[in-house]
Each structure stands twice: as C-alpha cells, then as structure tokens.
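Here's the structure, in structure tokens; my notes come after.
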Protein chains: 2
Amino acid sequence: MSDVARLAGVSPITVSRALREPHKVSDKLRETILEVVEEIGYVPNFAARALASRHSGIVAVLAPIMDMSGFFHAARGVEERFLTSDVSTQFANIGLNAAEEAKLLRLFVAQNPAGIILESVAEFPVNKPLIAELGCPVVQMMDTSIEPLDMGVGIRNRAAATAAVEHLLEQGYERIALLGGGKDIRSRRRFEGYRDALLRAGRYDPAYVFESESGNPMEQGVKLIHNLKRRMPEVDAVFCHNDRLAMGVYFGAQQMGIRVPEEFGICGYNGVDFAEMEESPLTSVYVPLYEIGFKAADMIMRYLTEGVRPETAVELPFEIIKGNSTRR
Amino acid sequence: MSDVARLAGVSPITVSRALREPHKVSDKLRETILEVVEEIGYVPNFAARALASRHSGIVAVLAPIMDMSGFFHAARGVEERFLTSDVSTQFANIGLNAAEEAKLLRLFVAQNPAGIILESVAEFPVNKPLIAELGCPVVQMMDTSIEPLDMGVGIRNRAAATAAVEHLLEQGYERIALLGGGKDIRSRRRFEGYRDALLRAGRYDPAYVFESESGNPMEQGVKLIHNLKRRMPEVDAVFCHNDRLAMGVYFGAQQMGIRVPEEFGICGYNGVDFAEMEESPLTSVYVPLYEIGFKAADMIMRYLTEGVRPETAVELPFEIIKGNSTRR
DNA sequence: GTGAAAGCGCTAACAC
DNA sequence: GTGTTAGCGCTTTCAC
C-alpha cells in the first residue's frame, strides 16, 4: 500500500480510504490512486485489514454440507449476493450435535466474522447464549417455524410436507410411507407435516415411517422399495425427504417391475432439478433454495450497510411440482 | 494470548509455541499453558497469525463449483484430509476463462495461502507464470494428461471414456452419440476418448456429437433424447459427460416409451452414486473423486510438513460400472 | 479532505 | 528451552 501511496503522491491512509470509503476522498485523488492500484496490480492484504479493523469481511456459512440436502443451491444464492460486495464467503461443514456446533461457533466468533449464516444449526438451547454474544448479524435459514435468534429466512416445511402428502391422497394413493432422513429441524417438520395430512385423512400409521440410514441416498431408496414390497406390499406410495432418495425408490421400482405411477406413487423433496421442466419425471416439493440463500446474504448485507435489521423473519413460498411419478 | 501468558506465568511467545510447535516447549509448561487456554476459552486470532507468519493457514480450492461435475465429492476428500491439521480450506468458484482465472489467482496469491488446489484451472498458458510465482504448493486435480505445474492427481479421462464407449460397443450398440459439456480439460479428454473408441471401430460420426447447453443438466438430457428420436432415430445409445445428463436421458426415454436398455443404451460419468450398489440402475464411469480430493490435500500437507514434494503426478484408477442401462 | 501516530495480536529472528 | 525485540500491512483515532 505504501508503494501505491508513494507513486500517487499521497499518504497510505488516503489510499486505504480511496479503496474502502471512496466518498471520503476527492474525485481527483481517488482517480489517480485507482490508476496506480491498477497499474502495479496492488491487492490488499486481508489479514492486515482484518487485524486492524477487527472484522474479517468474511461471512461464515455453517451448514451440514455433507448431507447435500440442497445446501449447494443455497450456497450459490449466498455467493451471488456477495459477489458485488467486498464481503467474501466461507463455508464450513457442521455436524448435528451440540458439542461440535459449539466448537465451530466459538471458532468463528474468534475470527470476528462480518456475519454468520446458519443452516439447521443453533438448534441446541445450550448454544443459544453463544449466538447472542456474537456481535454480528446472524441469519438462520431453511425453516420458519422457529423464532430466529436474530434473523431468519426459509419456508414452512411442515405445511409443504402436508401439501405433498395431500397431493398423494388426491391422486388416490392410500397407504403412504415416509422415507425420512436426519434429525434437524427441517426433517422433523417434514415428518410432522406428513403426519398432519395422514391423521386428518384417518390414514396415519407409524409403521410406515422409515428413517434412512446414513450413506448413499440412492441406495437407501432402492433398499426401501425392496423392503416395502416384501414386508408391506399394501403400501402404494412414498414421500421422501429428498430427491435422491426418491430417485433410488424410482430405480428400485423399475428393477422390480413395479409400475410408477400406476401401482406406486413417489414424491421427493427440494425439486430444484425438476422445477423448470415442462414435464417433470418426479413429483417433488420445490424449495426455493437459491432464493433462500440469496435472501439470507441480502439480510446480512443490509444490516452491514444500513446498520439496521431489515426484517426478522422472511417466509418464502414453496410449490408442489406435480410430475409423472404420481400422475394417474 | 497475553492473558494466557500472564496466568501461566510465561511469556506470550511460549504460549504461541505451545500451541503451534508443542515439541519446542517443556512438557510441564505446555501442560500448564494448555490448561489455562482451556479454562479461559482462548482461541487464537487468525488474522494476527496470518499477518505475522506471512501465511494464512488456508488452502484455497479453486474449481468450477457450479458445474457440480462431481466437485462436491472431491471437496469432501480435501476437507477430510485437513480435518486433523491446522490448515483450513476455502472454496472459490471459478469460471472457465483466462481473465477470470487470472483475477482469482491473483487474489488468492495476495492472501498468502498455504497451498492451492486447482480443478480444471490454470489451463490457459497466459496464466502459467502466475502460478509459477506462487511460492506455495499447487496441486492440479482431475486429469493426468497434462504435465502438472507443480503437482497433480487425477485419472486418465481419455482412457476412461474409451473404456466406457467400448463397453457400449460390446453390448451391441452401434450408433453411439455423445452428450458433452464444458470446454475444460476433462471434457476435451472425454470427447477424445469417445472418438478414439469409435474411430477404431469404424463408427465415428461427428454428427452424433452434442454439446449440452448450460442450465439444468437433467432437462438437457430430456431434450437430447427427444431431438435424437426425431432427427436421428438410428442412434441407439448415448455416452453422457455426467450422471445427471444421463438421468435426464433416462427419464426422457421413459416419457417417450423407449425401452432402456433394450432399444437404447445410456452411459453416464462419475458414478459416485452408483458405485456401491449391488445392481446399478445406470451404467457409468466411476471416478474416485473423494480419493482425488483427499490425495490432493495430502500432497499439500506433506509438502507443508516435510518440505519436499512427495510426488509429481499421481494417477488413480477409474472403473466402468456396468449397470442396467446398458445390460442386454 | 488529508495526514501523523499508535496499535490491532501474533510470530520471526535472534539472544540467552 | 525460554525470553526480548521488532515488525507483519493495514485501520483507527485524532489533529489539522
């Protein structure tokens, strides 16, 4: 930076200002400075900036990445929102237990992040005080059923699951199983929504609720349909917690010669791959993951620039994609 | 840190050493120090550490993330290797043009990364000098056909594609189309491998080569099969550049009542979802993505700890998963 | 609108 | 094996 300052005939602090707070520097000087910056290819040192300014300019996204439960699309939304800002994004994978959650939270807090975005995190009461002390904006994304600690954005997973199961009922399926995954808030809400719909229809049976084990979801789906047909042949549809489980069920049905949708209906969840198709092969609940990520990042940005919390909780719409796997 | 030092009755530098180079501190002191650290919940400030030590302790992974061309699994491998180290990983999305590549490279260089892992990056000759100046270990991952600038790990995509197409030929498919994507090195090698196999069999026809447009790969797959059946009904199989394109083709075939594999064969690429299934629904080329990522990270770590380049180029094996989409 | 001085929290280099 | 000194490259504060 001092090189730039020398070449532009100003002091280092003016260069610093020209870069971060352009309005505080006269037009002429700013122009000269930016030219020199361009010329010598100066790039500021993040570490020094973070150390001096006491914030890193990094927004940390903590999520159970390895679930691949659509995190990817949300991450894209986050990145794209920050693209035009000087905030950069860092992703960290987080498991779903209180101790690990606390450890990662503490680690990030110590790095003075500009903001934190949490997905299915901070659900343990024990860690709530940690978040309260954070001193930076926090957005919890994905489900709106919990009161956000600071800000929140998501969909109503419970209502979405209910709508999906009601669609299955409307199509005439009568014994609807659940292939679930995970213990996080979204999974619990999906289960509740499933149960709501079936209780109302007088068709709820806990024996039809299956937890997928960890591992390859497509394989889990194949296994499920094999087990169902062997042990509960009366089941004629399944509501899956994500699309890859659903595709596994679909492929398994193909292998066994079970006709989809005539004999067996399949509904997935997330639907990002199918939302824009003219004719979707799979029925699914479309979750606006990209938009959720974008909005989460936007809330952080607005807090950072305007100093006020734009909204506390934002609810985005979901949609049932009626595809060929339940059309009959 | 000075708090810890005071409470432990030592100087700050000793605390620093106890944390980073434990062997340089006597057992007794180290124990006391670590106790105090635990007690007051001290967490080092990364920015200060990076500024003072001139390296950030961050390994940057630059990849065309948004392609979702299996990046995800490689990323898991990278993360898992670094989990037990004090290196942390940062991912950045990179497009596939020289200018953007140069910009991102420059940005990361300025942050003094501990290492850089590149996927389908640094293919532009104009950017090679940039990498040479880097001063940190660099691993290029995914394809072994190019001479790595520093270190490399991957598979032989050209040979893998040839093997896949030969499998299709063995199964009796005669007019084999290609549904390709992207312009990066892997995609080019896959095309070459496809061409190699068909030229050798006297069956290569450039009219059967299709570039998928950007956008939803599953939708691209559906479109392809529609177009093929309308305009080139003689085509009886397709080799796809990834599994989601292949699944799109599969679903499209279902919609149109084309029987897979009897009338039409489909082969995907990457195969991570199918590798461990007893009976895979889709034929695919299994690429050990996780292992590639893990190995890339391992090479960086070994360079960092041992100061020597462990290997220059590592080639991992691929495998053809013979699934139901070509079984006839 | 611009600059001087001080310091962010840590580590490299060297001394003991 | 431990401590002292200096400084990493930037921003804050305050003065002009």
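Lettering follows sequence order; numbering is per chain, from 1.
- B/Asn45 places its CG atom 8 Å from the C1' atom of C/dC8, with the value rounded to the nearest Å.
- In this structure, A/Ile33 places its CD1 atom 11 Å from C1' of C/dG1, rounding to the nearest Å.
- Residue whose closest nucleotide on DNA chain D sits further toward the 5' end, between B/Ser11 and A/Tyr42: B/Ser11.
- Taking the nucleotide of DNA chain D with the nearest heavy atom to each of B/Leu51 and B/Gly9, the more 5' of the two is matched to B/Gly9.
- Among pairs with a residue in residues 296-308 of chain B, those fulfilling salt bridge (charged side-chain N to carboxylate O under 4.0 Å, His left out) read B/Arg81-B/Asp298, B/Arg302-B/Glu306, at least two apart in sequence or across chains.
- For the pair B/Met141/B/Ile117, a side-chain contact is recorded, criterion being any heavy-atom separation below 4.5 Å from C-beta on.
- More than 12 heavy atoms of other residues, nucleotides or ligands sit less than 6.0 Å from atom CD of A/Glu315.
- Across the protein-nucleic acid pair, B/Asp3 atom CG and C/dC10 atom C1' stand 14 Å apart, rounded to whole Å.
- The phosphate of C/dG3 (OP1 or OP2) has a side-chain N or O of A/Thr14 nearer than 4.0 angstrom.
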Under 4.0 Å protein heavy-atom contacts per nucleotide of nucleotides 11-16 of chain D, with B for base, S for backbone only and - for none:
BB----
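- A pairwise comparison of heavy atoms in B/Met151 and B/Tyr303 identifies CE-CB, 4.4 Å as the closest pair.
- Counting heavy-atom neighbours within 6.0 Å of A/Glu21 CD, excluding the residue itself, gives a total above 12.
- A/Asn45 places a side-chain heavy atom less than 4.5 Å from the side chain of B/Asn112.
- Among the heavy atoms of the strands, none lies under 4.0 Å from B/Phe46.
- What separates NZ of B/Lys24 from P of C/dA13 is a distance of 10 Å, to the nearest Å.
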